[in-house]
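Single-structure report; data block below.
Side-chain atoms are counted along with the backbone in the values below, which use heavy atoms only and exclude waters and symmetry mates.
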Amino acid sequence: PVAQDGFGFSLAAVGTGALVIGAPGCGEPLCLSGPGEVWLLTDLCPTDTDNDGNVNVTDLLALLAKWGPCSAPCPPDNNGDGNVNVTDLLALLAAWGACP
């Protein structure tokens, strides 16, 4: 995206943890397709494992239930290293409360 494409002209929340961003002026060759583009950003709150809009005890219990090696997909593995451990616990605690 560049200044002339209107990136961010429109924004919309889609459910919990997702955002749609529009760029109505985007076109070839500056963007992938034309005319106009829409981007979908997901996992804005990856520690919210049940996608209820809050990081709370339910997410903590899900994390503890998966403690140790965890093969993908594994929502409590916030950093994607294949293990649910103290790093994931700290990320969850840092995000405690409502998701953006």
Side-chain angles (χ1 to χ4, degrees):
V2 295
Q4 299 86 349
D5 65 16
F7 182 80
F9 178 80
S10 56
L11 300 170
V14 180
T16 301
L19 182 67
V20 174
I21 303 173
C26 196
E28 295 177 340
L30 299 176
C31 296
L32 299 175
S33 64
E37 284 198 353
V38 174
W39 285 270
L40 175 64
L41 303 177
T42 59
D43 292 330
L44 297 178
C45 191
T47 56
D48 180 18
T49 58
D50 61 0
N51 293 317
D52 69 352
N54 294 295
V55 177
N56 54 31
V57 70
T58 306
D59 303 297
L60 176 60
L61 293 174
L63 183 142
L64 294 174
K66 295 285 189 172
W67 196 267
C70 189
S71 57
C74 183
D77 181 17
N78 298 303
N79 61 0
D81 68 355
N83 289 296
V84 177
N85 54 30
V86 70
T87 305
D88 303 300
L89 176 60
L90 293 174
L92 185 142
L93 294 174
W96 196 268
C99 291

Provide the closest heavy-atom pair for Ala91 versus Asn78 in the form atom of the first, atom of the second, distance.
CB-ND2, 4.2 Å
Taking all non-hydrogen atoms of both residues, which atom of Asp48 and which atom of Gly53 are closest, and how far apart?
OD2-N, 2.8 Å
Just jot down the side-chain hydrogen bond (donor to acceptor under 3.5 Å, both in side chains) partners of Asp59, sequence neighbours excluded, or say none.
Thr49
Test item: Cys74 and Pro76 side chains (from C-beta on) under 4.5 Å apart, heavy atoms:
yes
Here the gap from Asn56 atom CG to Asp50 atom CG, rounded to the nearest 0.5 Å, amounts to 6.5 Å
What residues, two or more places apart in sequence or in another chain, satisfy side-chain contact (heavy atoms from CB on, under 4.5 Å) together with Leu64?
Leu60, Trp67
How long is the straight-line distance from CG of Asn54 back to OG1 of Thr47, given to the nearest 0.5 Å?
10.5 Å
